[in-house]
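Predicted, not measured: the structure shown is a model, and the values here were computed from it.
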Amino acid sequence: MLCFFDMFNALSCRSQTKSVFTIGFFSNKMFLVAVTLSIVGQMLVIYFPPLQNVFQTEALTLYDILLLLGLTSSVFIVSEIKKFFERHLQKRLTRAPKKQMAFV
């Protein structure tokens, strides 16, 4: 489970302010290779019988996987929403007219 939290977090942390949809999912090939290998390794630990014995894991059902992805993607969703509001707040602050201070 922590592996998927980390993968979604890594995806959202590619930029502090830009959305991953703006940057593009496929713009960093090495990042995609690293994420793919990490997920493949995690799946091997869960589903490959020799590794199941070593790590004492059990295969997950489709329902379990969907629940896991829904839960762990929350870090990505919350981060993207946060970046969205921060960008719009920054735009509002830069568009706001500057008030002149009057010295009497």
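- Atom CD1 of Ile81 sits about 11.5 Å away from atom OG of Ser12, to the nearest 0.5 Å.
- Within the 4.5 Å cutoff, no side-chain heavy atoms of Leu32 are placed close to those of Phe25.
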Solution key, residues 16-24 side-chain donor-acceptor pairs under 3.5 Å, sequence neighbours excluded:
from: Ser19; atom 1: OG; to: Phe21; atom 2: N; distance (Å): 3.1
from: Ser19; atom 1: OG; to: Glu80; atom 2: OE1; distance (Å): 2.7

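- Contact record, Arg14 with Ser27: NH2-OG, 2.6 Å, taken as the closest heavy-atom pair.
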List, one per line, each side-chain donor-acceptor pair under 3.5 Å for residues 57-71, sequence neighbours excluded.
from: Thr57; atom 1: OG1; to: Val45; atom 2: O; distance (Å): 2.6
from: Thr61; atom 1: OG1; to: Asp64; atom 2: N; distance (Å): 3.1
from: Thr61; atom 1: OG1; to: Asp64; atom 2: OD2; distance (Å): 3.1
from: Asp64; atom 1: OD2; to: Thr61; atom 2: N; distance (Å): 3.3

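- Heavy-atom minimum distance, Met7 versus Ile39: CG-CG1, 4.3 Å.
- Pairing each heavy atom of Met43 with each of Phe4, the nearest pair is CE-CZ, 3.3 Å.
- Taking OG of Ser79 as the start and CZ of Phe84 as the end, the distance is 14.0 Å to the nearest 0.5 Å.
- Taking each heavy atom of Val75 and Phe8 in turn, the nearest pair found is CG1-CB, 3.7 Å.
- Residues Ile77 and Phe85 share a single hydrophobic cluster, defined by chaining ILVMFWY side chains whose heavy atoms lie under 4.5 Å apart.
- Distance check: Gln42 CD to Leu37 CG gives 13.0 Å after rounding to the nearest 0.5 Å.
- Taking hydrophobic clusters as Ile, Leu, Val, Met, Phe, Trp and Tyr residues chained together by side-chain heavy-atom distances below 4.5 Å, Leu51 does not share a cluster with Ile46.
- The distance from atom CD of Glu86 to atom NZ of Lys83, rounded to the nearest 0.5 Å, is 9.5 Å.
- Note that OG of Ser74 is 10.5 Å distant from CG of Asn9, once rounded to the nearest 0.5 Å.
- One distance of note links NZ of Lys82 with CZ of Arg87; it measures 10.5 Å at 0.5 Å rounding.
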